[in-house]
Every structure is written in C-alpha cells, then in structure tokens.
Amino acid sequence: MLPYGRQTIEDDDIAAVAEALKADFLTTGPTVEAFEVAFAETVGARHAVACSNGTAALHLAMMALDVKPGEAVIAPSITFLATANCARYVGADVVFADVDPDTGLMTPETLAQAIERVGARRLRAVLPVHLRGDACDLPGLEALARDAGAVLVEDAPHALGSTMRFGNAAEIVGDVRHSAMATFSFHPVKTIATGEGGMITTNDPAISARLKVLRSHGMVRPEGCEPWWYEMPEPGFNYRLPDILCALGLSQLKKLPRFAARRRALGAAYAEALAPLAPLVRIAAQPAWSDPVLHLMVALIDFEAAGRSRRDVVEGLKARGVGTQVHYIPVHRQPYYRKLYGELELPGAEAWYARCLSLPLYPGMEDGDVATVAAALKDVLGL
Ligand SMILES: *Cc1c(COP(=O)(O)O)cnc(C)c1O
C-alpha cells in the first residue's frame with residue numbers, strides 16, 4: 001500500500017535520538033537551541049522557536065501578537081482545522097477567506113473580500129496557508145493586511161524548503177520578509193518529521209523572546225534575581241519540544257536538501273504521468289512565482305464528467321494499493337463554525353473541495369510508484 005504521505009526515518013536519525021536519550025537533558029537541553037539555530041539558518045530567518053507541534057506554534061503566534069477576544073483573524077477555508085482554531089484559543093473571531101479554485105490558495109482578491117466581512121471588529125492577523133507547498137502571493141497579501149492594520153502569520157507546514165520569486169527577489173518560505181511569523185509542523189507526513197513538533201520563525205527579537213516565555217508557562221527570570229526565583233507576568237503553556245525530538249529534528253533537517261530534491265523529482269514525474277489524463281484530471285495549478293517543494297500531490301478531478309463519485313475513486317485506488325486523502329474539507333463547513341457564524345458561501349473553496357484528491361508523495365517512493373499511481377487512476381476512472 002502506498003500511503004499519501006510518510007516519514008523517512010533512517011539509521012542515523014535513530015542514532016541521534018539514542019544519543020539524546022543518553023545525555024543529561026531529556027527535555028530542555030542544548031539540542032533545542034541547536035535545532036532552532038539550524039532551522040532559522042535553513043529558512044533564512046533571524047530567529048526560530050521550537051514548540052510541541054504546529055498547532056501550538058499557531059496558538060503561540062496568536063498570543064505573541066496579543067490577539068484579544070472579539071478581535072478578528074482571517075484564515076482560508078481550505079486548510080487544516082488548526083489554522084482557524086488558533087484564533088478561537090485566544091477568543092478571537094475567525095473570518096474565513098475564500099481560495100482560488102485552481103491553486104487552493106488565499107489570494108489578494110479573496111483576502112479583500114474577507115476584509116470587507118470583518119466589519120467593525122479590529123483585524124489583527126491574516127493567516128495565509130501555503131497549501132501543498134506553493135507560496136501565496138505574500139507581497140499582495142501583506143499590502144492588504146497592512147492597510148487593514150493587521151500582520152501576516154504564515155501557516156507554512158506544507159512549504160518547508162519551498163522558494164519563490166516576487167519581482168527580482170528570490171525568497172524562501174519561512175524567511176518572514178512579509179510577515180510577523182511563520183509556523184511549521186514536523187508531523188510524520190510533513191517534509192521533516194519529529195513525531196510531534198513545531199517551529200515558529202520571526203525576524204523580530206522581541207517576538208522571539210516572548211514566544212520562548214509563553215511556551216514555558218510564561219515564566220521569566222529577571223536579571224540579577226536569586227537563583228531559584230521566577231515570575232509569571234502572564235500565564236503561558238507547556239508547549240516545549242524536548243531535546244530528544246530536537247535531536248531527531250536536527251538529524252532530519254540535514255536531509256532536507258535530499259528530501260526536497262526527491263519531492264521535486266516525484267512532482268515532475270507526476271506532471272508527466274498525469275498529463276494524458278487531462279482534462280478530467282489536472283494537477284493543482286502552480287502560481288507563476290512559486291518553485292515549491294511539494295508536501296501534497298493534489299489532483300483536481302472532474303468526478304462528474306468522469307461519471308465516478310470520489311468515494312468510488314478513493315475505494316478503487318485503495319483496492320489497487322494506492323492511498324489517498326482529501327485536503328481539505330472547507331473549515332467553514334465544520335459544525336462548530338456553522339453554529340458560530342452561520343452558513344457562508346465560499347465558491348472557490350467549494351470548487352476546490354469538490355475536485356481535490358491527494359495522491360501519494362513522499363521521499364521514500366520508488367521510481368516506478370508514480371507510474372503505478374497514474375495507471376491505477378486511469379483504470380479507476382475508466383479512461
Ligand atoms: C499539519 C498542519 C498544522 C498542524 O500541525 P500539527 O503539528 O499537526 O499540530 C497546521 N496547519 C497546517 C496547514 C498543517 O498542514
């Protein structure tokens with residue numbers, strides 16, 4: 001069975017974890033900072049703060065910005081639940097933005113529409129999601145957010161290693177040139193894995209310092225205080241990432257160039273293998289500025305024209321050893337958000353959801369696997 005995504009853990013990763021287990025600190029030790037420094041360098045940010053997972057990263061970002069109850073945060077509807085939920089953790093309202101039906105990304109147009117729906121509330125943050133690995137139009141989104149008095153927080157778990165070019169400037173996702181912060185996840189299906197794990201990058205030393213306080217209960221040690229003393233100006237959480245997992249993260253991060261090259265090569269192989277299935281099957285569109293390391297291989301399938309339900313296709317592929325997943329069910333449709341905000345009409349998100357199906361993509365796939373997936377899809381669609 002080919003799953004839609006899977007971690008690549010090798011002997012040296014295991015050895016790195018074993019070393020950390022024999023060392024003095026299982027939780028807050030020297031490997032935490034080593035992982036943070038290496039991560040910041042990899043994505044070209046000044047600071048990186050490790051935390052327990054990508055959801056904690058988003059929650060910490062909201063707290064670091066001091067987003068308050070009744071204020072507004074804009075998130076796209078096509079994303080994982082956590083992008084929206086983090087606003088609720090701090091009592092803020094989520095205003096859902098629509099997405100481009102072919103890229104699945106929030107765009108300046110869909111952000112402008114969402115900003116209109118903010119109404120009298122104070123808009124604090126806009127959370128673009130680099131869905132699949134393609135970067136959003138960050139300069140365009142940043143300009144609109146700034147005019148509305150808000151900052152961008154990039155939810156970037158799909159885009160570790162992705163690069164983009166706006167005008168002449170070559171940029172890396174996570175270098176936070178257009179945003180206050182970017183968040184990452186090291187869940188096993190993401191580009192590097194620590195089991196559970198997350199990271200926040202920022203170029204602002206004050207935000208970095210605040211994130212570090214908030215991830216460890218809100219405890220601070222004033223300069224010159226007694227050795228046992230600590231103070232808590234405001235409560236934080238225990239959102240630390242242990243040394244053991246940072247050792248795994250550091251080991252995995254060294255492999256990012258190899259993992260990225262493999263994902264790019266598999267992406268190119270899919271483009272070729274799926275081309276004959278057009279127009280019923282198309283790979284999600286790639287924006288002109290984007291040079292992604294794809295986390296997801298999303299096929300957009302016209303199920304109606306093919307005369308097959310998505311359920312039939314998913315089950316047919318499964319019977320042929322091909323695992324798939326749907327990224328994502330529009331978050332605004334979740335019962336919790338429907339109850340809170342009523343029915344919303346976001347046609348781009350609906351059009352994306354109606355067609356999307358994520359096919360297997362991970363560095364451990366064999367060269368012939370892409371052809372196997374394409375042949376299975378062709379078969380199941382009766383092409
Ligand atoms: C994975 C993911 C998260 C949450 O990360 P966890 O580490 O699983 O908490 C948030 N947003 C997006 C877009 C993700 O893909």
Side-chain angles (χ1 to χ4, degrees), residues 3-7 35 39 43 48-63 73-90 94 96-97 99 103-106 125-136 138 141 152-162 173-174 179 181-201 211 215 237-242 245-246 248-249 252-253 263 284 290 292-298 325-332 334 337 349 352-353 356 358 361-362:
Y4 86 85
R6 186 185 155 77
Q7 72 277 15
F35 183 34
F39 193 92
V43 302
V49 178
C51 60
S52 41
N53 54 59
T55 306
L58 288 162
H59 186 189
L60 287 169
M62 293 300 101
M63 287 193 291
V73 169
I74 293 178
S77 182
I78 296 296
T79 185
F80 184 56
L81 302 169
T83 319
N85 290 352
C86 70
R88 300 298 301 147
Y89 298 160
V90 294
V94 186
F96 288 103
V99 299
T103 63
L105 301 175
M106 185 199 291
V126 174
L127 279 74
V129 174
H130 304 307
L131 193 74
R132 310 186 310 130
D134 279 319
C136 295
L138 290 171
L141 299 177
L152 299 186
V153 174
E154 301 167 66
D155 190 19
H158 295 193
L160 179 56
S162 288
V173 169
S179 62
M181 282 168 267
T183 62
F184 294 87
S185 160
F186 312 125
H187 179 280
V189 296
K190 307 286 161 79
T191 309
I192 65 169
T194 63
E196 296 286 346
M199 192 73 80
I200 307 150
T201 61
L211 288 167
R215 85 169 158 194
F237 289 81
N238 180 349
Y239 276 167
R240 296 184 301 256
L241 189 63
L245 295 185
C246 288
L248 180 54
Q252 287 266 298
L253 193 60
R263 283 180 178 274
S290 175
V293 171
L294 288 182
H295 157 56
L296 297 173
M297 174 50 60
V298 179
Q325 187 50 276
V326 170
H327 296 96
Y328 291 96
I329 303 165
V331 181
H332 75 274
Q334 291 298 335
Y337 286 113
W352 171 273
Y353 171 68
C356 68
S358 301
L361 181 68
Y362 52 93

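Each ligand, and each atom within it, is numbered from 1 in the order the structure gives. The first residue in the sequence is number 1, and the count goes up from there.
- How far OH of Tyr89 is from CG of Leu58: 8.5 Å, rounded to the nearest 0.5 Å.
- For atom 8 (O) of ligand 1, the closest non-hydrogen atom of the protein is Ser185 OG, 4.0 Å.
- Annotation: the span from Asn53 atom CG to Met199 atom CE amounts to 13.0 Å, rounded to 0.5 Å.
- Counting non-hydrogen atoms of neighbouring residues, nucleotides and ligands closer than 6.0 angstrom, the CZ atom of Arg6 reaches no more than 12 such neighbours.
- Aromatic ring centres of His327 and Tyr4 lie closer together than 6.0 Å.
- Those atoms of ligand 1 with a heavy atom of Gly54 less than 4.0 angstrom away are 5 (O), 6 (P), 7 (O), 9 (O).
- Between atom CZ of residue Phe80 and atom OH of residue Tyr328 there is a gap of 7.0 Å, rounded to the nearest 0.5 Å.
- Within the 4.0 Å heavy-atom criterion, the part of His158 lying near ligand 1 is the side chain and not the backbone.
- For ligand 1, the atoms lying closer than 4.0 Å to a non-hydrogen atom of Tyr328 are 15 (O).
- Of all the atoms in ligand 1, the ones that sit under 4.0 Å from a non-hydrogen atom of Thr79 are 13 (C).
- Considering each of Val129, Asn53, Asp155, Thr55, the one bringing a non-hydrogen atom nearest atom 10 (C) of ligand 1 is Asp155.
- Taking 4.5 Å as the limit, every side-chain heavy atom of Phe186 sits out of range of all side-chain heavy atoms of Pro157.
- Closest heavy-atom approach to atom 14 (C) of ligand 1 among the candidates Lys190, His187, Arg132: Lys190.
- Proximity of Leu131 to ligand 1, defined as any heavy-atom pair under 4.0 Å, is not found for any part of the residue.
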